[in-house]
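Below is one structure, written out as structure tokens; comments come after it.
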Amino acid sequence: MTTILVTGGTGTLGRLVTERLRTDGHEVRVLSRHSPPYAVDLREGGDGLDAAVSGVDTIVHCASTPRGGDEQAAANLIPAARRAGVGHLLYISIVGVDRVPLGYYRAKVAAERQIEQSGLGWTVLRTTQFHDLLVMVCQALSKPPVMLLPAGVSDQPIAVAEVADRLAELAAGAPAGRVADMGGPEVRTLPELARAYLAATGRRRPIVNVPLAGKGYRGFRAGGHLTPERAVGKGTFEEFLTERFGDRSGAAG
């Protein structure tokens, strides 16, 4: 079995990837900003990063933040991986990063390009948004008495556990380049998803669809973040909600 470093290994995805890899018998190191012995901020790099990658066969790069810094993180990780002789760098990205003009998405595309041009063996997997993120968005949007949604937008959420399984499979294999995207099982409108969330949490909110402006919104409205031809996920949003919240459909909030 191989020695694998998981960046962002305490996050929603990285934690599950770490568990899968250890279950499969791999030696796994977890790199995150606040978790010894490999507590490293990838945006800063340094000696701690070199120590983390030393002796590693494969890196699963899950660390990412919409607050910025993904390009710099890749710029620090890649040369450290080269110095350590890492054979495989596996990167998780997002469906539509090259079609929806958002700052965070542009950073993800730039990181992909850095990895592709790194001289390392590499694999890039793009997936649609996780169920967990959609719940976070619904929680925020349902706080006011009226739930305002961007008009005309759909989503294709996927179970993070399924993505973790796929990453663990890819990490155990040879570098494969850009692999096929992973999308959730269904493309659903935001009102449908929001109503499912409200029912699962026992809340009642009127839903109002609001047209927005900007290139990013137009990209989402055009479905640039969707991959209906790769609807390979199995777990539905409703199944995730039941697991997360139980049956609270009779309660009001």
Side-chain angles (χ1 to χ4, degrees), residues 8 11-17 62 64-67 70 92-97 99-105 108 125-167 181-212 214 216-249 251 253:
T12 300
L13 174 61
R15 176 177 50 79
L16 292 180
V17 172
C62 297
S64 182
T65 173
R67 294 186 293 274
D70 279 21
I92 178 69
S93 191
I94 305 170
V95 169
V97 287
R99 297 193 295 262
V100 180
L102 294 179
Y104 178 47
Y105 280 21
K108 298 290 283 188
L125 170 67
R126 292 181 180 177
T127 76
T128 52
Q129 303 290 348
F130 302 153
H131 291 146
D132 309 67
L133 177 62
L134 186 56
V135 164
M136 289 176 58
V137 171
C138 287
Q139 286 173 334
L141 295 179
S142 63
K143 287 181 179 179
V146 175
M147 197 170 183
L148 302 178
L149 300 177
V153 176
S154 296
D155 202 13
Q156 190 182 354
I158 191 168
V160 66
E162 295 179 28
V163 176
D165 287 342
R166 178 62 172 146
L167 284 176
D181 295 347
M182 283 187 74
E186 302 171 305
V187 175
R188 308 277 299 281
T189 69
L190 286 188
E192 288 173 338
L193 294 166
R195 283 191 286 269
Y197 168 80
L198 291 172
T201 56
R203 298 183 179 187
R204 296 191 180 100
R205 298 285 188 276
I207 293 173
V208 176
N209 295 298
V210 181
L212 303 177
Y217 168 64
R218 290 197 292 273
F220 283 122
R221 184 164 182 145
H225 61 304
L226 307 175
T227 180
E229 70 281 3
R230 289 293 303 164
V232 296
K234 304 299 182 186
T236 68
F237 188 51
E238 281 81 1
E239 289 169 344
F240 173 80
L241 292 170
T242 298
E243 181 179 345
R244 175 80 176 266
F245 299 107
D247 184 6
R248 296 185 54 190
S249 57

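FYI, side chains are in, hydrogens and waters are out, and symmetry mates aren't considered; it's all heavy atoms of this structure. All figures in this text were calculated on a predicted structure; none of them were measured in a lab.
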How many angstroms lie between atom [atom1] of [X] and atom [atom2] of [Y], to the nearest 0.5 angstrom?
| X | Y | atom1 | atom2 | answer |
| --- | --- | --- | --- | --- |
| Leu193 | Thr236 | CG | OG1 | 10.5 Å |
| Thr189 | Arg195 | OG1 | CZ | 6.0 Å |
| Phe237 | Tyr197 | CZ | OH | 8.5 Å |

Could you go step by step and tell me if Glu162 and Lys234 meet the side chain to side chain contact (heavy atoms under 4.5 Å, CB included) rule? CA-CA 8 Å; Glu162 295 179 28; Lys234 304 299 182 186; 3.7 Å; yes
Mark yes or no for whether Arg99, through its side chain, and Gly223, through its backbone, hold a donor-acceptor pair below 3.5 Å. no
Give every residue pair that meets the ring pair (Phe, Tyr, Trp, His ring centres under 6.0 Å) criterion with at least one member in residues 132-151, sequence neighbours excluded. none
Write down the atom of [X], the atom of [Y], and the distance for their closest heavy-atom approach.
| X | Y | value |
| --- | --- | --- |
| Pro185 | Gly233 | CB-O, 3.1 Å |
| Pro228 | Val187 | CB-CG2, 4.1 Å |
| His131 | Gly235 | CE1-O, 3.3 Å |
| Ala164 | Leu16 | CB-CB, 3.6 Å |

Among residues at least two apart in sequence or on other chains, which ones pass side chain to side chain contact (heavy atoms under 4.5 Å, CB included) with [X]?
| X | result |
| --- | --- |
| Ala231 | Gln156 |
| Asp165 | Arg20 |
| Leu102 | Val100, Tyr105, Phe220 |

Arg166: what forms a salt bridge (Lys or Arg N to Asp or Glu O under 4.0 Å) with it, not counting sequence neighbours? Glu169
For Glu192, check salt bridge (Lys or Arg N to Asp or Glu O under 4.0 Å) against everything at least two apart and list the hits. Arg188
So [Y] and [X], do their side chains get closer than 4.5 Å, heavy atoms only?
| X | Y | answer |
| --- | --- | --- |
| Val135 | Leu241 | yes |
| Cys62 | Leu167 | yes |
| Gln129 | Leu134 | no |

Step by step, would you call Val232 with Asp181 a side chain to side chain contact (heavy atoms under 4.5 Å, CB included)? CA-CA 9 Å; Val232 296; Asp181 295 347; over 6 Å; no
Between Lys108 and Asp70, does a side chain to side chain contact (heavy atoms under 4.5 Å, CB included) hold up when you go through it step by step? CA-CA 7 Å; Lys108 298 290 283 188; Asp70 279 21; 3.3 Å; yes
Results of side-chain hydrogen bond (donor to acceptor under 3.5 Å, both in side chains) for Arg218 - residues two or more places apart only: none
Got a sec, which residues hit side-chain hydrogen bond (donor to acceptor under 3.5 Å, both in side chains) with Thr127, two or more places apart in sequence or on another chain? none
Quick note, salt bridge (charged side-chain N to carboxylate O under 4.0 Å, His left out) partners involving residues 126-137, not counting sequence neighbours, are Asp98-Arg126, Glu112-Arg126
Enumerate, atom names and distances included, each donor-acceptor pair closer than 3.5 Å involving a side-chain atom of residues 137-155, sequence neighbours excluded.
residue: Ser142; atom: OG; partner: Cys138; partner atom: O; Å: 2.8
residue: Ser142; atom: OG; partner: Gln139; partner atom: O; Å: 3.3
residue: Ser142; atom: OG; partner: Arg203; partner atom: NH1; Å: 2.7

Tell me, with the steps shown, if Thr227 and Glu229 meet side chain to side chain contact (heavy atoms under 4.5 Å, CB included). CA-CA 5 Å; Thr227 180; Glu229 70 281 3; 3.1 Å; yes
